[in-house]
Amino acid sequence: MNQLTKTNKLDLIPLGLRSFASARVGIPPYKNLSDRDKTSSCYDLITKVHASHGHQGNDPKVLAFQTQELKDCLKDKYGELTIPEIQTAFEMLIAGEFGAYMGLYKKSYYQALKGYYEKPQRAESMKQYLA
């Protein structure tokens, strides 16, 4: 029944804001995940970004380093983001919505996370959902 209520409320949100709300509602923020889930989610995200650029067979040490760097970026306020929000932030980064995409490193992680976290649509979608 809770899922039905959630769906009905999301249907009332304007279409342009709906994806922002659906990425948050009912999904725990990154900071509330277990350490294993945090590591797994970050690793999956990093490998997906590499795969989207045609890079295969990356060095496991590099992937482990990049995973840890991303986890470090998600320790403070950006830990409020959910995994779907983080994935969307990186898709937007690759698409150039936060400036030119120059690769995966700590500055680009912060660029994606900050850009998505501060999008006005993110806050507005929750205002609409809670109203």
Tell me the closest heavy-atom pair linking Ser108 and Leu93, and the distance in Å.
O-CD2, 3.6 Å

First locate atom OH of Tyr78, then atom OH of Tyr110, and finally report the distance between them rounded to the nearest 0.5 Å.
8.0 Å

Residue pair Lys114, Phe98: steps toward the side-chain contact (heavy atoms from CB on, under 4.5 Å) verdict
CA-CA 9 Å; Lys114 181 181 189 296; Phe98 305 127; over 6 Å; no

With distance as the sole test, does Gln66 use its side chain to make a donor-acceptor pair with the main-chain N or O of Tyr105 at under 3.5 Å?
no

Non-hydrogen side-chain atoms of Pro60 and Leu63 separated by less than 4.5 Å:
no

Would you say Thr47's side chain and Asp44's backbone share a donor-acceptor pair under 3.5 angstrom?
yes

Looking only at heavy atoms, the pair that brings Tyr30 and Ile83 closest together is CD1-CD1, 3.7 Å

I need the Lys107 NZ to Met102 CE distance, nearest 0.5 Å.
9.0 Å

Nearest atoms (heavy-atom pairs only) where Tyr116 meets Leu81
CD2-CD2, 3.9 Å

Between OG on residue Ser40 and CG on residue Leu45, distance to nearest 0.5 Å:
11.0 Å

Closest heavy-atom pair and its distance - Ala21, Ser125:
N-OG, 3.5 Å

How close do Glu85 and Phe20 get, heavy atom to heavy atom, and via which atoms?
OE2-O, 4.5 Å

Any chance you could lay out the side-chain contact (heavy atoms from CB on, under 4.5 Å) test for Leu104 and His50, step after step, and finish with the verdict?
CA-CA 8 Å; Leu104 286 179; His50 280 296; 3.7 Å; yes

Say whether Glu124 and Gln128, considering side chains only, have a donor N or O and an acceptor N or O under 3.5 Å apart.
yes

Run the salt bridge (charged side-chain N to carboxylate O under 4.0 Å, His left out) check on Asp76 and Lys31 step by step: do they pass?
CA-CA 8 Å; Asp76 296 318; Lys31 70 178 186 176; over 6 Å; no

Derivation of the side-chain contact (heavy atoms from CB on, under 4.5 Å) call for Ile46 and Phe65:
CA-CA 10 Å; Ile46 296 293; Phe65 174 76; over 6 Å; no

Donor-acceptor check, side chain of Ser52 to backbone of Val49, threshold 3.5 angstrom: yes or no?
yes

Hydrophobic cluster membership, Tyr117 vs Met126, 4.5 Å side-chain cutoff
no

Given Lys71 and Asp35, is the side-chain contact (heavy atoms from CB on, under 4.5 Å) satisfied, shown in steps?
CA-CA 10 Å; Lys71 284 177 64 177; Asp35 193 51; 3.2 Å; yes

Mind listing the closest non-hydrogen atom pair of Ile27 and Thr82 along with its distance?
O-CG2, 3.5 Å

Consider only side-chain heavy atoms of I, L, V, M, F, W and Y, link residues closer than 4.5 Å, and tell whether Leu70 and Met92 are in one cluster.
yes

Inspect the surroundings of NZ in Lys106 and state if more than 12 heavy atoms from other residues, nucleotides or ligands are less than 6.0 Å away.
yes

Here the gap from Gln68 atom CD to Cys42 atom SG, rounded to the nearest 0.5 Å, amounts to 8.5 Å

What's the separation between atom CD1 in Ile86 and atom CD in Glu91, rounded to the nearest 0.5 Å?
12.0 Å

